[in-house]
Amino acid sequence: MSERSRSIVIGCLLAVMTVALVALVVTAPSDVDRVETIGEQIKCPVCQGESIANSPSQMARDMMTLVSERVASGQSDEAIIDELLASYSGAVLLDPPASGATLVLWLAPLAAVGLGAVVIVWWRRHPREEVAAETERTDRKSRLVTPMVLGLSFAVIVVVAGFFLQERSGPATGVADLAGQDLDDVSNETMEAVIAANADDPQIDGMRLALAERYYEEGDYRAAFPHFLEVAGSATATDPQAVTALIRLGWMAWDGNAEAEAAIGLFDQALAIDASSSTALYLKGQVLWCGTEDNESAAALFEQVLADPDLSEEARQRVSADLDRVDSGATCT
């Protein structure tokens, strides 16, 4: 084989190896990616064609929580999917979407196989050439150099891939890794990964609440809901943490789904822990006024809030304005 032919073959082999390795690197999922990917493959039992990853229903949230717990414990995707299908009647397997990283997962192996086929066909059809003695000497030298070049090239690819994977996984894997660090400087993705990997750590409630508050302030109720729910039901959460989580859940139930009774029930749970919570009292009054038109009960709660000596002047003015409107029989807007 001539030097030119050998170079073409080596180039094709390197291309095949590069495509295969890049496919592995790009599609290597983090725990958060796995949770979303699995969730997108399971149809919500109580929804119309939605996956549990995209559904806001309580059952879908419970199923996604289960997926997150199983991923954190190290179970395989197949075992998690089998458990979901067996545990939830009506859950069926959907086709995974061919987009984003999943699209690469579908196409990269095909590209690698295609390149390999081209190399084989070209190799068989290319005529063998008789080379002169000088060319033969050159070929002998190249046979010594080629394995070195091939090995070195593949080593470089592996090293680059290693750095890429390390970048994807991020440095923080445990609660202790973020101890003393300002959470404002930590990305949502990193916090999600740490929470998923340390779901049973007693210190995780504070991080859950911080991340949920971030989502809540952004108006992303869907992302905030499961974290507030976990904190509200956690045996290790402090009373202030539980109260905050219950209040947020109550307001999201009303503001997001207009579920007045559910919202009032959650505010009552918060008040059972802290009867003096002005926030819970005021928001419950808002729902009574706006959701059930119980103006009398709403006015009583607003008056109770105004009796709080620690109420800020801005909050006092707002509550007073609402009380005046309730007393005048005005409709909530």
Side-chain angles (χ1 to χ4, degrees), residues 25 27-42 52-54 56 58-84 87 101 162-218 220-249 252 270 273:
V25 170
T27 59
S30 67
D31 281 353
V32 177
D33 294 333
R34 285 187 60 203
V35 171
E36 286 297 316
T37 299
I38 294 171
E40 288 172 352
Q41 296 180 57
I42 304 296
I52 60 174
N54 297 321
Q58 182 58 51
M59 180 176 288
R61 296 300 90 212
D62 292 342
M63 294 172 74
M64 286 297 289
T65 299
L66 176 65
V67 173
S68 180
E69 291 173 353
R70 296 299 184 265
V71 168
S73 67
Q75 290 193 18
S76 67
D77 292 7
E78 292 77 11
I80 298 171
I81 291 172
D82 289 344
E83 180 178 354
L84 288 171
S87 302
F163 279 115
F164 183 84
L165 285 173
Q166 185 178 30
E167 180 72 18
R168 278 177 62 90
S169 63
T173 57
V175 180
D177 294 321
L178 297 180
Q181 187 173 347
D182 186 354
L183 291 181
D184 290 340
D185 298 330
V186 181
S187 69
N188 292 359
E189 291 76 14
T190 297
M191 291 176 69
E192 288 281 12
V194 172
I195 289 169
N198 301 273
D200 297 328
D201 192 317
Q203 302 179 62
I204 210 65
D205 293 319
M207 186 177 296
R208 272 194 188 280
L209 195 58
L211 180 58
E213 287 285 346
R214 185 182 294 180
Y215 287 138
Y216 179 85
E217 294 298 330
E218 294 171 353
D220 190 352
Y221 287 179
R222 179 169 168 261
F225 180 84
H227 291 296
F228 280 132
L229 189 63
E230 285 290 337
V231 174
S234 173
T236 57
T238 64
D239 284 352
Q241 288 174 336
V243 168
T244 298
L246 287 165
I247 290 172
R248 294 299 195 224
L249 288 169
M252 288 191 295
I273 300 173

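Considering all non-hydrogen atoms of both residues, S187 and R214 come closest at C-NH1, 3.8 Å. In terms of heavy atoms, A270 sits closest to I247 at CB-CG1, 3.9 Å. For the residue pair A199 and R208, the shortest heavy atom distance occurs at CB-NH2, 4.3 Å. Nearest heavy atom pair, residue A232 against residue A245, reads N-CB, 3.8 Å. Listed here is the closest heavy atom pair of R70 and S73: O-OG, 2.8 Å. Between A224 and Y216 the shortest heavy-atom distance is CB-N, 3.9 Å.
Between the side chain of R61 and the main chain of I52, a donor-acceptor pair closer than 3.5 Å is present. Within the 3.5 Å criterion, the main-chain N or O of A223 finds a donor-acceptor partner in the side chain of D220. Judged by distance alone, with hydrogens and angles left aside, the side-chain atoms of S234 form no donor-acceptor pair with the main-chain N or O of E230 at under 3.5 Å.
Taken from CD in E218 to CG in N188, the straight-line distance is 6.0 Å, to the nearest 0.5 Å. Here the CD-CE distance, from E36 to M64, works out to 4.5 Å after rounding to the nearest 0.5 Å. The distance from the CE atom of M191 to the CD1 atom of I204 is 8.5 Å, given to the nearest 0.5 Å. Between the OG1 atom of T37 and the CD1 atom of I42 there is a distance of 12.0 Å, given to the nearest 0.5 Å. Note: D205 CG to Q241 CD = 5.5 Å, rounded to the nearest 0.5 Å. Remark: L211 CG to I195 CD1 distance equals 5.0 Å, nearest 0.5 Å.
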Next item on the list: Check step by step if side-chain contact (heavy atoms from CB on, under 4.5 Å) holds for F225 and R248.
Entry: CA-CA 8 Å; F225 180 84; R248 294 299 195 224; over 6 Å; no
Next item on the list: Go through L246 and I273 one step at a time and tell me if the side-chain contact (heavy atoms from CB on, under 4.5 Å) criterion holds.
Entry: CA-CA 10 Å; L246 287 165; I273 300 173; 3.9 Å; yes
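Side-chain contact between E83 and L66: present, with at least one pair of heavy atoms (C-beta onward) separated by less than 4.5 Å.
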